[in-house]
Amino acid sequence: MQIARAQQPIAAATVSLIAWVLCVAAFLPPLNKYILGSVPLIILTGLGIAVSLVVHLVFIGISAQRLGRSPVLWVLVCLFLLPIASIVGLILFEWYSDQEKQASA
């Protein structure tokens, strides 16, 4: 039942991670000619990176707490190993939650 309580913050963490990736991708070569030509776009994209990262870490902490794990540890792991740890963690969470649903059925 703990996994059911953590589904919503995990989904929100996934959406915020996707927003972070999109904002970071705006500074990569195919798109940076549009972004770097406008100061307001640079500022908005930078704010998007900062806000989505903070929101992602908050939702990771909430989901860790609901799963009975240490929120500080999980937030630190996600922060220092971003984005790989977040992606792998979200995939493993979904995999284990599917296994638990199949076991309970």
Side-chain angles (χ1 to χ4, degrees):
M1 188 49 98
Q2 278 184 327
I3 288 182
R5 291 182 56 222
Q7 289 284 345
Q8 191 172 11
I10 289 293
T14 304
V15 171
S16 63
L17 183 64
I18 291 170
W20 182 83
V21 167
L22 291 175
C23 288
V24 169
F27 287 107
L28 296 176
L31 299 175
N32 69 355
K33 61 183 173 186
Y34 303 111
I35 299 295
L36 297 179
S38 171
V39 174
L41 284 178
I42 293 172
I43 292 170
L44 286 175
T45 308
L47 286 173
I49 290 170
V51 168
S52 61
L53 177 63
V54 170
V55 169
H56 176 71
L57 294 175
V58 166
F59 282 121
I60 290 294
I62 290 171
S63 60
Q65 183 181 18
R66 289 186 181 180
L67 290 171
R69 292 177 172 82
S70 171
V72 175
L73 176 67
W74 282 97
V75 168
L76 288 176
V77 167
C78 286
L79 181 63
F80 290 124
L81 300 175
L82 189 75
I84 302 300
S86 294
I87 294 169
V88 170
L90 292 170
I91 290 170
L92 287 175
F93 174 79
E94 287 299 322
W95 185 58
Y96 283 122
S97 65
D98 287 343
Q99 281 188 345
E100 184 178 289
K101 287 178 186 176
Q102 290 175 359
S104 66

Same apolar cluster: [X] and [Y], side chain cutoff 4.5 Å:
X	Y	value
Leu79	Val21	yes
Leu82	Ile91	yes
Ile60	Val55	no
Leu90	Leu57	yes
Ile49	Val58	no

4.5 Å side-chain heavy-atom contact, [X] and [Y]:
X	Y	value
Leu47	Ile43	yes
Phe27	Leu36	yes
Phe59	Thr14	no

Might you point out which heavy atoms bring [X] and [Y] nearest each other, and give the distance in Å?
X	Y	result
Pro71	Ala64	CA-CB, 3.9 Å
Leu31	Ala25	CD1-O, 3.8 Å
Ser16	Ala13	OG-O, 2.9 Å

| said: With side chain to side chain donor-acceptor pair (under 3.5 Å) as the rule and sequence neighbours excluded, what pairs involving residues 78-87 come up? | reply: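 Output for this query lists His56-Ser86.
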
| side chain to side chain donor-acceptor pair (under 3.5 Å) contacts in which one or both residues fall within residues 39-50, not counting sequence neighbours |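 The answer is none; no pair qualifies.
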
Rounded to the nearest 0.5 Å, what separation is found between the [atom1] atom of [X] and the [atom2] atom of [Y]?
X	Y	atom1	atom2	value
Arg66	Gln7	CZ	CD	11.0 Å
Leu67	Phe93	CG	CZ	5.5 Å
Trp74	Ser63	CH2	OG	9.0 Å
Ile35	Cys23	CD1	SG	9.0 Å
Ile10	Ile62	CD1	CD1	10.5 Å
Leu53	Leu17	CG	CG	9.5 Å

| task | Test Leu28 against Asn32 for side chain to side chain contact (heavy atoms under 4.5 Å, CB included), laying out the working first. | result | CA-CA 5 Å; Leu28 296 176; Asn32 69 355; over 6 Å; no

| query | Does Leu76 sit in a hydrophobic cluster with other residues, and if so which ones, taking ILVMFWY side chains as linked at heavy-atom separations under 4.5 Å, directly or through other members? | reply |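 Other cluster members: Val72, Phe80.
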
